[in-house]
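Just follow the structure's listing: the first ligand is 1, and inside any ligand the first atom is 1.
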Amino acid sequence: MKIYCEKDYEAMSRRAAGILAAQIILKPDCVLGLATGSSPEGTYKELIRRYQAGELDFSKVTSVNLDEYKGLSGDNDQSYRYFMDNHLFNHVNIDKSRTFVPDGLGTDSKKVCADYNEIIRREGPVDLQLLGLGYNGHIGFNEPAAAFEKETHCVDLTESTIEANKRFFEKEEDVPRQAYTMGIGNIMRAKKILIIVSGAGKADIVAKAFTGPVTSEVPASILQFHSDVTLVGDEAALGKLMELV
Ligand code: GLP
């Protein structure tokens, strides 16, 4: 695993954007696996800046997002489709019809998941998968569980995830209780993985995920078995890990 320990969130974002930009330059028709949350916001800002400076062309890029809340439409400002449109897609020359997010409005969970698996299979393999890390070690919405779920599935969000994500909603009751997410198998089949983490609050889980046992109780720990992982974080998030590696 390659580790880049950067001074702060801005430096982390520049580093992560540089890695994504390199992927797009090397393979203009690449497939990017994309993520939402606070962690990638700065990375997307930097990618937009590079696009506006004429350094990047997204016209042939395909994207598949990790997850989506069940029950939210793409024009709901809390949906991950809305997040992606507003934080990246609307600001670069990506072909929107080549950007994929699970269908939050689909009520037949089996069908939503099967359709999304088919999209990933058809468009994939993912060249570079961007990931954030939940406080409980989740990636996408793969929550700690007794076993790894391999393919796209519908999950019941844990209390800790609802708590962590309520900051984006008006009231805690508004946070959807379920979500669709790529499975661990979908994520692990990406050729390269880029995981970004910031803030002291993640220091314990980062150390646990990358030096502790590989277990479905810490979903990100599976990344120890992937052959091409780059971890980019700020000093606050990587402090503990750097003492151990
Ligand atoms: C959310 C998302 C994840 C994200 C994680 C961390 O629940 N489903 O894909 O990586 O939480 O989010 P943040 O970067 O805001 O801490």
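- Counting atoms of ligand 1 from 1 in the listed order, those under 4.0 Å from a heavy atom of N165 are 1 (C), 7 (O).
- Summarising the geometry, atom CZ belonging to R177 is positioned 8.5 Å from atom CG belonging to L157; distances are rounded to the nearest 0.5 Å.
- Protein heavy atom nearest atom 6 (C) of ligand 1, with residue, atom name and distance: L133 O, 3.6 Å.
- Taking both residues in full, the closest heavy atoms of M12 and S198 are given as SD-CB, 3.8 Å, listed atom of the first, atom of the second, then distance.
- Remark: of the listed residues Q23, K27, K192, K27 is the sole one forming a side-chain hydrogen bond (donor to acceptor under 3.5 Å, both in side chains) with D127.
- Once rounded to the nearest 0.5 Å, the distance linking CG of L133 with NE2 of H138 reads 7.5 Å.
- With respect to the salt-bridge test (charged N to carboxylate O, under 4.0 angstrom), the residues K240 and E243 do not qualify.
- Checked by atom type, the side-chain pair S73/R81 shows no donor-acceptor distance below 3.5 Å.
- Here the heavy atom of the protein found nearest to atom 3 (C) of ligand 1 is G140 O, 3.4 Å.
- Ion pairing between D228 and K191 fails under the 4.0 Å rule for side-chain N and carboxylate O.
- Considering only non-hydrogen protein atoms, atom 2 (C) of ligand 1 sits nearest to Y80 OH, 3.7 Å.
- Salt bridge annotation for K96-D85: present, with a cationic side-chain nitrogen under 4.0 angstrom from a carboxylate oxygen.
- Nearest to atom 12 (O) of ligand 1 among the protein's heavy atoms is G37 CA, 4.2 Å.
- Scanning the protein for heavy atoms near atom 16 (O) of ligand 1, the closest one is K202 NZ, 2.6 Å.
- Numbered from 1 in the order shown, with element, the atoms of ligand 1 that lie under 4.0 Å from a heavy atom of F141 read 7 (O), 8 (N).
- The single protein non-hydrogen atom nearest to atom 14 (O) of ligand 1 is S39 OG, 2.4 Å, given as residue, atom name and distance.
- Here the protein heavy atom with the shortest distance to atom 4 (C) of ligand 1 is T36 O, 3.9 Å.
- The N/O atoms of D67, backbone and side chain alike, include one that comes under 3.5 Å of an N/O atom in ligand 1.
- Neither the backbone nor the side chain of I139 has a heavy atom within less than 4.0 Å of ligand 1.
- A perpendicular orientation is assigned to the rings of Y80 and F83, their planes being inclined by more than 60° (bins at 30° and 60°).
- Atoms of ligand 1 lying under 4.0 Å from any heavy atom of G132, numbered from 1 in the order shown and given with element: 10 (O).
- Looking at K45 and E10, no side-chain N of the basic residue comes within less than 4.0 Å of a carboxylate O on the acidic one, giving no salt bridge.
- For atom 11 (O) of ligand 1, the closest non-hydrogen atom on the protein side is H138 NE2, 3.2 Å.
- Counting heavy atoms closer than 4.0 Å to ligand 1, residue A35 contributes nothing at all.
- Contacts with ligand 1 closer than 4.0 Å are made by side-chain heavy atoms of R167 only, the backbone lying farther away.
- Considering backbone and side-chain N/O atoms, T161 never comes within less than 3.5 Å of an N/O atom of ligand 1.
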